[in-house]
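This report refers to the structure that appears directly beneath it.
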Amino acid sequence: MITDKFAEKFFDLFVATLPKMFPCKTLVRSSPQKNNRFETQNSIHAVVPFFGQAHGAYLVEMSWDTAARLISQDPEVELELPALDDELREDVVDGLAELINIVAGKAVASVSDVFSNTILLAPQIHIGYTRLPAVPVISCQVDTPHGVLHCHFYMDNMKTTLSSAYDTVVKSLEDECRKLEQANAVLHDTQKTMLSQEKLVALGQMAAGVGHEINNPLAVISGQSKRMKKIIGNELSEEKDNHELALPLETINRNIARIVKIIQGLRSFSRDSAGDPLVATNIKECLDDTLGFSAGFIKEAGIDLKVKVADDLIVNGRAVQISQVLLNLLNNARDALSEIEADEKWIKVEAVQNEQSITIHVIDSGKGIPKDIQVSILNPFFTTKEQGKGTGLGLSISADILKSHGGSLSIDEASPNTCFVLKFPRMSL
Amino acid sequence: MPKLIIVDDSRTIRKLLKKIIEGSDFEVVGEGSDGNEAIALFKELGPDLVLSDLTMPNKSGQDAMKEILDYDPNARVIIISSLSDKNIIDNCLKLGAKGYIEKPPVVETDEEREAFFTQLRSAIS
């Protein structure tokens with residue numbers, strides 16, 4: 001059916017274009033007819049093959065007499081086929097090539113909705129006998145005052161079907177390639193993340209080692225410091241001038257206590273706690289462990305830290321994991337605030353409890369997370385940080401940790417600031 | 001009288017165009033059959049307008065037009081081509097062609113003749 005439409009278009013365009021290039025007073029076209037094969041002894045054949053989504057050719061044939069009269073517009077023209085370099089012969093070849101090229105171009109454009117990717121080859125002019133492959137041909141006859149012309153259209157349906165099948169295969173391959181590219185990108189990201197995780201593990205092991213090595217000399221310093229305090233305390237009662245030593249010693253002791261706390265945090269952070277059982281865990285202690293080595297960075301970034309967490313909030317959990325989540329959220333908040341210009345920058349950590357749950361809010365003075373990002377922010381590998389600064393796993397791991405505690409990690413959409421909500425089920429006593 | 005050159009590898013089209021333009025207020029001062037000839041003719045004759053085909057041997061009409069416009073940014077080129085070159089035509093119009101005339105050029109009626117020459121005149125105005 002499509003072949004018939006295609007052929008009809010070609011014949012219509014041919015009879016419309018021909019008189020514009022080579023004037024004919026009258027032009028009569030017959031109805032299209034189907035033939036099983038094409039063969040002609042007519043002298044002149046102009047052919048434009050096409051291929052792509054459809055394979056076939058447009059063809060016009062006529063006797064030399066007709067062609068010569070038509071092109072020269074001279075009824076008295078020499079009717080013998082002239083030599084190769086004859087001007088009339090060159091005119092006939094050029095004129096017919098241009099005519100069929102224009103018609104075929106319009107015909108292909110007119111069916112571009114069906115065969116959008118069809119390419120025309122350059123027109124060819126044959127002189128002599130022509131026989132096409134054994135394919136069905138649709139033909140019509142055009143009577144002109146200069147003689148009879150025959151227009152033919154053939155489409156190689158087998159090649160067209162093959163071409164269509166080829167297109168389908170190529171499309172399917174392209175789809176598969178795209179999927180593979182996506183999978184490859186995910187693998188690449190995973191590999192990067194694993195490298196980064198490996199680095200973190202190594203760092204953790206190093207931290208544990210450093211913590212262990214520092215702990216022993218620290219114990220000695222701490223012991224000696226306490227001893228000194230004791231000695232000075234005794235002497236103070238007798239020699240009041242020595243009381244100037246008491247204040248620096250107090251400072252030393254306070255800082256030793258701080259170093260001990262940081263080392264404790266490092267040591268507990270650096271061990272894998274995923275397999276630990278859930279036990280009664282104090283939220284405030286977890287937060288203190290975290291702040292032991294993150295409060296300094298927050299302060300250095302010019303951010304005010306406000307903590308409002310009661311000392312008696314107990315959840316059924318793994319302290320290291322809870323500290324890990326808090327550290328991740330605090331680091332994220334610090335990074336986000338460091339990137340913005342604001343007169344006032346703060347991070348608040350607040351915890352409340354009711355009969356069912358204990359909820360921790362980690363809020364920063366940022367303007368919240370855009371709605372379109374909220375959907376993906378807890379997904380693995382999602383990050384808005386610049387390349388190399390974030391793995392896109394922190395929040396996803398944090399959400400998993402909360403889930404393993406029977407709780408949840410979410411974003412408070414109602415908050416005017418950026419607010420993450422950690423919800424733990426209340427521990428049954 | 002504005003001068004123009006006609007560039008087309010088909011002598012049939014060149015003849016048709018010459019016949020249409022003869023006796024009008026335009027003068028055909030040169031004819032070429034490929035892009036290289038178009039450039040050479042433009043540099044030699046400095047016409048007011050170039051009527052050029054797109055698909056030609058040796059150098060395409062699009063490439064020739066680019067070189068002509070590089071040589072003289074005020075050059076005026078009108079593309080004469082068949083519909084099958086639609087994408088190239090669009091591209092040429094973006095690159096600076098002043099218009100497009102579909103092949104075969106037709107001036108059978110007064111309206112068609114007027115439309116043809118209006119396009120030529122507006123290209124050089």
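Just so it is clear, the model here is predicted, and its values are computed rather than measured. Proteins get letters first, then strands, A, B, ... in listed order; numbering begins at 1 in each.
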Interchain contact, P23(A) with chain B, by part (heavy-atom threshold 4.5 Å): neither
dist I102(A):CD1 -> S10(B):OG (nearest 0.5 Å) comes out at 7.5 Å
Gap separating the OG1 atom of T12(B) from the CG atom of L99(A), nearest 0.5 angstrom: 9.0 Å
Closest non-hydrogen atom pair between [X] and [Y], with its separation:
X	Y	value
E108(B)	P19(A)	OE2-O, 4.1 Å
V106(B)	K20(A)	CG2-CD, 3.3 Å
K103(B)	K106(A)	O-CE, 3.7 Å
M21(A)	I13(B)	CE-CD1, 4.1 Å

Electrostatic pair E98(A):R14(B) at N-O distance under 4.0 angstrom: no
Step through the shown structure and confirm whether more than 12 heavy atoms of other residues, nucleotides or ligands are within 6.0 Å of NZ on K59(B). yes
Tell me whether the count of non-hydrogen atoms from other residues, nucleotides or ligands lying under 6.0 Å of CG in D25(B) goes above 12. yes
Test item: K15(B) and D91(A) side chains (from C-beta on) under 4.5 Å apart, heavy atoms: yes
